[in-house]
Amino acid sequence: MAEKLLAEAFLEYINEEKLFTRNNKLLVGVSGGIDSVTLCELLHRSNISFAIAHCNFGLRGGESDADDIFVQSLADNYGVLHFRKYFETKKYAEENGVSIQMAARDLRYEWFEEIRSKEQFDFIAVATNLNDDLETMLINFTRGTGIKGLTGIKPRNGKVVRPLLFAYRDQIETFARQEEINWREDSSNQSTKYLRNDIRHNVVPVLKRANPSLENTFRENVIHFKQAEEFIQNRMADIYEQIIEQQKDGVALDKAFIVNDPDGRFILFRILHRYAFHRDQTNQIFELLNQQPGKQFFSSAYVLTIDREKIFIQPREKEGHVQNHLEPADMEISRPVPLRTKVLTMDEFTMDKSVDVACLDFEKLSFPLTVRTWQKGDSFVPLGMKGNKKVSDLLVDEKIPLNQKQHVSVVVSGDEIVWVVGIRISDKVKVNEETQKVFLMELIS
């Protein structure tokens, strides 16, 4: 019965979402876990052509190697092509200043796309399930999001398809056990040091006690959120045509429309979000629309000017002379880049490896720190390196577009750059086992 229910629902979902057809060739990302192995089994039973790609991230020693062997055996059993690659994931994460999870994600999808393009597969299939979707929504909600962040993971995003996105984790496990399918357990899935696992093991069970049909409720809510977001996008598209005037050096907004519309504050937020102005700035701008014109606000890449009848938004010119200072107290600055700061004890501190957050050893800093636009000749010691590297070379390595390079800022302690904002901190001020206090800086989005 489990086979029939899941197998039929699988094909119905593929057809309903128009993910692919039986004539398409799929490259399936297979870890060896229950979800990806079940996806292979369902594709095999549905006579859909596929090959297997396995990433060995080298993070769990012998376990990772055993996963590798298991997936090879799985491919042999199905008689399908098998691609595998070993990644130095920790090294990549350190060199790029990203979390292990983000490093693994970047490496995985970049390699999958290389294979897909070279071997002419039509799509990359991954085994994301409905519970993964729920956890992602809770993460987005926790970090702060608009309606768009609550609309769930897309069943199809470019060449990536998720044909198991309809299924609960329990459904998949029931199917796998009743059909006597073998899979590998990832021990790291039990560790709550990762936010997703913490939510999975400690938050979702509490919610399910309050609502045993949590997954069904979530699926219904996602539909409502998607409809709401589509409605907002359609409404905003009409408003854009009415109030946005394209100009040679930027855009001009009809100030009277925003002031007089009952939803003016929300309309302004949706527009300014596209130009990297954060919500607090939007609220300040809205409150000042009827006051003396000439007030200016700055995002990382744009300058907004309130005029008598228009709101002008223009790209920022290079402002090498613009600088600001940070003291060792909770504060915010908006220029040359919007930052929020905080001092934490080690008991209060949790490492955040997002490139938008800098976690620095407080005792190694000389205050006040200077925040300024980077300049030709700037250099520092990037996290994970021993010697100096020019900021200009780092921007090339990070593939920062030419039109964005002029807007990159740096934080300077004494004569040392300690953070190329949004890209990499300095190895000299990283948090280690001897750190007692952390100076945290966050890029405000």
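In this text the structure is predicted, and so the values were computed from the model without any measurement.
- Rounded to the nearest 0.5 angstrom, D170 CG and N131 CG are separated by 7.0 Å.
- A 4.5 Å side-chain heavy-atom check between I311 and L304 finds at least one atom pair inside the cut-off.
- Residue pairs meeting the ring-ring contact (aromatic ring centres under 6.0 Å, His included) criterion with at least one partner in residues 121-141, sequence neighbours excluded, are absent.
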Requested in this report: Check step by step if side-chain hydrogen bond (donor to acceptor under 3.5 Å, both in side chains) holds for N56 and D65.
Outcome: CA-CA 7 Å; N56 185 338; D65 295 336; 3.3 Å; yes
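- Between I52 and L74, some side-chain heavy-atom pair lies under the 4.5 Å cut-off.
- Side-chain atoms of Q281 come within 3.5 Å of backbone atoms of F298 as a donor-acceptor pair (strictly under, hydrogens ignored).
- Take H82 and apply the ring-ring contact (aromatic ring centres under 6.0 Å, His included) test, not counting sequence neighbours, and it matches no residue.
- Distance check, rounded to the nearest 0.5 Å: CD1 of I115 to CD1 of I124 gives 8.5 Å.
- Interatomic distance, L394 CG to M385 CE, rounded to the nearest 0.5 Å: 9.0 Å.
- Nearest heavy atom pair, residue A93 against residue A103, reads CB-CB, 3.8 Å.
- Not counting sequence neighbours, E16 has no partner by the salt bridge (Lys or Arg N to Asp or Glu O under 4.0 Å) test.
- From T151, atom OG1 reaches atom CG of N140 across 8.5 Å, with rounding to the nearest 0.5 Å.
- Two residues are said to be in side-chain contact when any heavy atoms from C-beta on lie closer than 4.5 Å; M236 and I239 meet this criterion.
- Taking the six-membered ring for Trp and thresholds of 30 and 60 degrees, Y275 and Y302 have ring planes more than 60 degrees apart, a perpendicular arrangement.
- Side chains of F83 and H54 form no contact here, defined as non-hydrogen atoms less than 4.5 Å apart.
- Side-chain atoms of R219 come within 3.5 Å of backbone N or O of F166 as a donor-acceptor pair.
- Atom CD of Q242 is surrounded by more than 12 heavy atoms from other residues, nucleotides or ligands within 6.0 Å.
- The side chain to side chain donor-acceptor pair (under 3.5 Å) test applied to T435 returns D361, N432, not counting sequence neighbours.
- Not counting sequence neighbours, the partners of T217 by the side chain to side chain donor-acceptor pair (under 3.5 Å) test are N211.
- The salt bridge (Lys or Arg N to Asp or Glu O under 4.0 Å) test applied to E230 returns no partner, not counting sequence neighbours.
- Pairs engaging residues 429-442 under the salt bridge (Lys or Arg N to Asp or Glu O under 4.0 Å) rule: R340-E442, D427-K430 [sequence neighbours left out].
- Residues V80 and F50 meet the side-chain proximity criterion, which asks for heavy atoms closer than 4.5 Å.
- Side-chain N/O atoms of T136 and R196 include a donor and acceptor closer than 3.5 Å.
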Report task. Evaluate the criterion salt bridge (Lys or Arg N to Asp or Glu O under 4.0 Å) for residue pair R200 and D132; output intermediate values, then yes/no. Result -> CA-CA 9 Å; R200 178 178 300 173; D132 296 323; 3.5 Å; yes
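- The environment of OH in Y86 is crowded: more than 12 heavy-atom neighbours from other residues, nucleotides or ligands sit within 6.0 Å.
- A donor-acceptor contact shorter than 3.5 Å is absent between the side chain of R265 and the backbone of F286.
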Query raised in the report: Between H273 and F269, does a ring pair (Phe, Tyr, Trp, His ring centres under 6.0 Å) hold up when you go through it step by step?
Result: CA-CA 6 Å; H273 185 69; F269 170 75; 5.6 Å; yes
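- Separating the CG atom in D68 from the CZ atom in F57 is a distance of 11.5 Å, to the nearest 0.5 Å.
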Quiz: residues 34-41 side-chain donor-acceptor pairs under 3.5 angstrom, not counting sequence neighbours:
unit_1: D35; atom_1: OD1; unit_2: N129; atom_2: ND2; d: 3.4
unit_1: D35; atom_1: OD2; unit_2: N129; atom_2: ND2; d: 3.1
unit_1: S36; atom_1: OG; unit_2: S31; atom_2: N; d: 3.2
unit_1: S36; atom_1: OG; unit_2: S31; atom_2: OG; d: 3.4
unit_1: S36; atom_1: OG; unit_2: G32; atom_2: N; d: 3.4
unit_1: S36; atom_1: OG; unit_2: G33; atom_2: O; d: 3.4
unit_1: T38; atom_1: OG1; unit_2: I34; atom_2: O; d: 2.7
unit_1: E41; atom_1: OE1; unit_2: Y78; atom_2: OH; d: 2.4
unit_1: E41; atom_1: OE2; unit_2: R45; atom_2: NE; d: 2.5
unit_1: E41; atom_1: OE2; unit_2: R45; atom_2: NH2; d: 3.0

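- Between the OG atom in S213 and the NZ atom in K208 there is a gap of 7.5 Å [rounded to 0.5 Å].
- Pairing each heavy atom of L253 with each of L272, the nearest pair is CD1-CD2, 4.5 Å.
- Of the possible polar contacts, one joining the E348 side chain to the T345 backbone as a donor-acceptor pair under 3.5 Å is found.
- At most 12 non-hydrogen atoms from other residues, nucleotides or ligands lie less than 6.0 angstrom from NZ of K90.
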Requested in this report: Output, in order, the C-alpha distance, side-chain angles, deciding distance and verdict of salt bridge (Lys or Arg N to Asp or Glu O under 4.0 Å) for K118 and E114.
Outcome: CA-CA 6 Å; K118 181 180 179 181; E114 285 178 9; over 6 Å; no
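- Considering V410, V355, D356, I400 as possible partners of I423, the one that fulfils the side-chain contact (heavy atoms from CB on, under 4.5 Å) test is I400.
- Residues W111 and E113 have side chains that never bring a donor and an acceptor to within less than 3.5 angstrom of each other.
- Between L42 and L6, some side-chain heavy-atom pair lies under the 4.5 Å cut-off.
- Taking the salt bridge (Lys or Arg N to Asp or Glu O under 4.0 Å) definition, one finds that E94 meets it with nothing, sequence neighbours left out.
- R235 forms no cation-pi arrangement with Y240, by the criterion of a distance under 6.0 Å to the ring centre and an angle within 45° of the ring axis.
- The existence of a salt bridge linking K154 and E17 is excluded, since no basic side-chain nitrogen approaches an acidic carboxylate oxygen closer than 4.0 Å.
- Side-chain contact between T128 and L164 is absent, with no heavy-atom pair separated by less than 4.5 Å.
- Contact record, R424 with E398: NH2-OE2, 3.2 Å, taken as the closest heavy-atom pair.
- Judged as a side chain to side chain donor-acceptor pair (under 3.5 Å), and not counting sequence neighbours, N221 has no contacts.
- Two rings, from F362 and F367, have their centers less than 6.0 Å apart.
- Atom NZ of K25 is surrounded by more than 12 heavy atoms from other residues, nucleotides or ligands within 6.0 Å.
- K428 is linked by a side chain to side chain donor-acceptor pair (under 3.5 Å) to E416, counting only residues two or more places apart in sequence or in another chain.
- The salt bridge (Lys or Arg N to Asp or Glu O under 4.0 Å) test applied to D397 returns K389, not counting sequence neighbours.
- Looking at heavy atoms from C-beta onward, V343 lies out of side-chain contact with L440 at the 4.5 angstrom threshold.
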